Amino acid sequence: MAVNSLYLKTNQLWRIFATGFCFSVFGVGGLILSFILIPVISRVTPDPTITEYRVQRLIQCSFHIFCRLMKFTGAIDYEITGAEHLQHDRNCLIVANHPSLIDYVLIASQLKQCDCLVKSAIWRNPFMKHIVRAAGYIPNEAPDDVISICEQRFDQGNVLLVFPEGTRTTPGLDPKLQRGAAQIAIRTQRDLRVVHISVTPSFLTKEKMWYQVPKIKPFFHVEIKGKIEVEPFIEQTNSPTLAARKLNRYLAEALFPKNEQR
């Protein structure tokens, strides 16, 4: 028993170091992207749209390396099932629950092209603003402008990743969805691909710092599920607002099965 307890404690201490190391690498990588690689891509690529796609591809490769690094060092373990569906998706929203800090990283590591709604605060971040601007990410500000930009991106065949909660889930509380993803889906008439993420035990939540690692290694399971078609919701009513409200309730049930709440 004492040996097992010592092993768990030693392993936990190692994972604190490994997590700190991985996030340090992430930060250095962000600087390299911002001030070396992205300027080079922008200089040799005259077409802004092609630049965005190349930067998004670079982000995907970087995130894939980061995820593998976290797994290799033992900071976390993870499994992604159904990734082939993401790789073939076009002209749709990808919606996911948001239990941890690295949810976006795990999903985007599987997507060569991925637009994303970004909080205005990130656009003002001196380290992140160069990346989100070069990738063509969409600032989550004026609703009408967001819908218009999303429509343009969908017309290009792009996919848009959205976390309908708007922030990370608080463990122990019933999750609540903002209506933004449903509004975009209804008003652009695009289907939604559902992604469900589970983390056992919980890790990198909004309430805890990165160094507050659990006693056992966290396991992330990213499950790529089916699509939700928006046409039936649009046909039920002449009101886009009502259709979005109904779609949002349906989406909540898909993202948060009743047996997983609380």
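The structure presented is a predicted model; accordingly, all values stated were derived computationally and were not measured. We count residues from 1, following the sequence as given. What you see below is based on every heavy atom in this structure, not just the backbone, and it leaves out hydrogens, waters and symmetry mates.
Checking side-chain atoms of Thr19 against main-chain N and O of Ile16 turns up no donor-acceptor pair under 3.5 Å. Of the possible polar contacts, one joining the Gln56 side chain to the Ala135 backbone as a donor-acceptor pair under 3.5 Å is found. Between the Arg153 side chain and the Gly136 main chain, a donor and an acceptor come within less than 3.5 Å of each other. The closest donor-acceptor contact from the side chain of Arg193 to the backbone of Leu86 lies at 3.5 Å or more, if one exists at all. Under a 3.5 Å cut-off, the side chain of Thr73 and the backbone N or O of Met70 do form a donor-acceptor pair.
Counting non-hydrogen atoms of neighbouring residues, nucleotides and ligands closer than 6.0 angstrom, the NZ atom of Lys208 reaches no more than 12 such neighbours. Counting non-hydrogen atoms of other residues, nucleotides and ligands closer than 6.0 Å to NE2 of His64 gives a total of 12 or fewer. Within 6.0 Å of NZ on Lys176 lie no more than 12 heavy atoms contributed by other residues, nucleotides or ligands. Surrounding CD of Glu229 are at most 12 heavy atoms belonging to other residues, nucleotides or ligands under 6.0 Å away. The number of heavy-atom neighbours closer than 6.0 Å to OH of Tyr250, taken from other residues, nucleotides and ligands shown, is 12 or below. Atom NZ of Lys227 has more than 12 neighbouring heavy atoms from other residues, nucleotides or ligands inside a 6.0 Å radius.
Applying the side-chain contact (heavy atoms from CB on, under 4.5 Å) rule to Glu231 yields the partners Glu235; only residues at least two apart in sequence or on another chain are considered. Under the rule for a side-chain contact (heavy atoms from CB on, under 4.5 Å), the partners of Lys246 that lie at least two apart in sequence or sit in another chain are Phe233, Gln236, Leu242, Arg249.
With rounding to the nearest 0.5 angstrom, the CD atom of Glu84 is 10.0 Å from the CD atom of Gln110. A distance of 12.5 Å separates CG of Asp89 from CG of Leu160, quoted to the nearest 0.5 Å. Residue Gln113 holds its CD atom at 12.0 Å from CZ of Arg57, rounded to the nearest 0.5 Å. For the atom pair Gln60 CD and Leu111 CG, the distance stands at 7.5 Å (nearest 0.5 Å). For the atom pair OH (Tyr211) and CG (Leu13), the distance works out to 14.5 Å, reported to the nearest 0.5 Å.
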With side chain to side chain contact (heavy atoms under 4.5 Å, CB included) as the criterion, how do Val222 and Val195 come out once you've worked through the C-alpha distance, each side chain's angles and the decisive distance to 0.1 Å? CA-CA 7 Å; Val222 182; Val195 177; 3.7 Å; yes
Salt bridge (charged side-chain N to carboxylate O under 4.0 Å, His left out) between Asp77 and Lys217, worked out: CA-CA 7 Å; Asp77 195 6; Lys217 184 192 300 185; 5.4 Å; no
Side chain to side chain donor-acceptor pair (under 3.5 Å) evaluation trace for Thr167 with His98: CA-CA 7 Å; Thr167 188; His98 199 4; over 6 Å; no
Evaluate side chain to side chain contact (heavy atoms under 4.5 Å, CB included) for Asn158 paired with Tyr53, printing each intermediate quantity in order. CA-CA 10 Å; Asn158 293 11; Tyr53 288 152; 2.8 Å; yes
Can you list the steps and then say if Arg54 with Thr45 is a side chain to side chain donor-acceptor pair (under 3.5 Å)? CA-CA 9 Å; Arg54 288 180 174 176; Thr45 312; 2.8 Å; yes
Run the side chain to side chain contact (heavy atoms under 4.5 Å, CB included) test on Arg190 and Glu151 for me, step by step, so that the C-alpha distance in whole Å, both residues' side-chain angles and the decisive distance to 0.1 Å come before the verdict. CA-CA 9 Å; Arg190 262 69 178 195; Glu151 183 78 58; 2.5 Å; yes
How far apart are the C-alpha atoms of Leu101 and Phe203, what are their side-chain angles, what is the distance that settles it, and do they pass the side chain to side chain contact (heavy atoms under 4.5 Å, CB included) test? CA-CA 8 Å; Leu101 181 64; Phe203 182 47; over 6 Å; no
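Put simply, the side chain of Ser24 does not reach to within 4.5 Å of the side chain of Val28, judged on heavy atoms. Proximity of Val105 to Cys67: side-chain heavy atoms (C-beta onward) are separated by under 4.5 Å at one or more points. Using a 4.5 Å cut-off on side-chain heavy atoms (C-beta onward), His196 and Asn97 make contact. In this structure, Leu192 and Ile94 have side chains that are not in contact, with every pair of non-hydrogen atoms separated by 4.5 Å or more. Residues Ser100 and Thr205 fail the side-chain proximity criterion, which asks for heavy atoms closer than 4.5 Å. Using a 4.5 Å heavy-atom threshold, the side chains of Leu8 and Gln12 count as separate. With a 4.5 Å cut-off on side-chain heavy atoms, Glu165 and Phe163 do not count as touching. Residues Leu93 and Leu161 have side chains not in contact (no heavy-atom distance under 4.5 Å, counting atoms from C-beta outward).
Looking only at atom types and distance, the side chain of Arg187 has a donor-acceptor partner in the side chain of Gln183 under 3.5 Å away. For the residue pair Glu207 / Thr170, a side-chain donor-acceptor distance below 3.5 Å is found, with atom types taken as modelled.
Within the structure, no pair that satisfies the salt bridge (Lys or Arg N to Asp or Glu O under 4.0 Å) test touches residues 36-47, not counting sequence neighbours.
Among all heavy-atom pairs drawn from Ala96 and Pro164, the shortest one is O-CD, 3.3 Å. For the residue pair Trp210 and Val213, the shortest heavy atom distance occurs at O-CG1, 3.7 Å. When every heavy atom of Val230 is checked against every heavy atom of Ala185, the shortest pair comes out as CG1-CB, 3.8 Å. When all heavy atoms are compared, the tightest approach of Pro214 to Pro201 is CB-CG, 3.4 Å.
By the criterion of side-chain heavy atoms lying less than 4.5 angstrom apart, applied directly or through intervening Ile, Leu, Val, Met, Phe, Trp or Tyr residues, Val25 is not grouped with Leu31; the two fall into different hydrophobic clusters. Leu69 and Ile102 sit in two unconnected hydrophobic clusters of ILVMFWY residues. Membership requires side-chain heavy atoms under 4.5 Å apart, directly or through other members.
The aromatic rings of Phe66 and Phe26 lie perpendicular to each other, with more than 60° between the two planes, well past the 30° mark.
Checked against the 6.0 Å centroid criterion, the rings of His130 and Phe35 qualify as a close aromatic pair.
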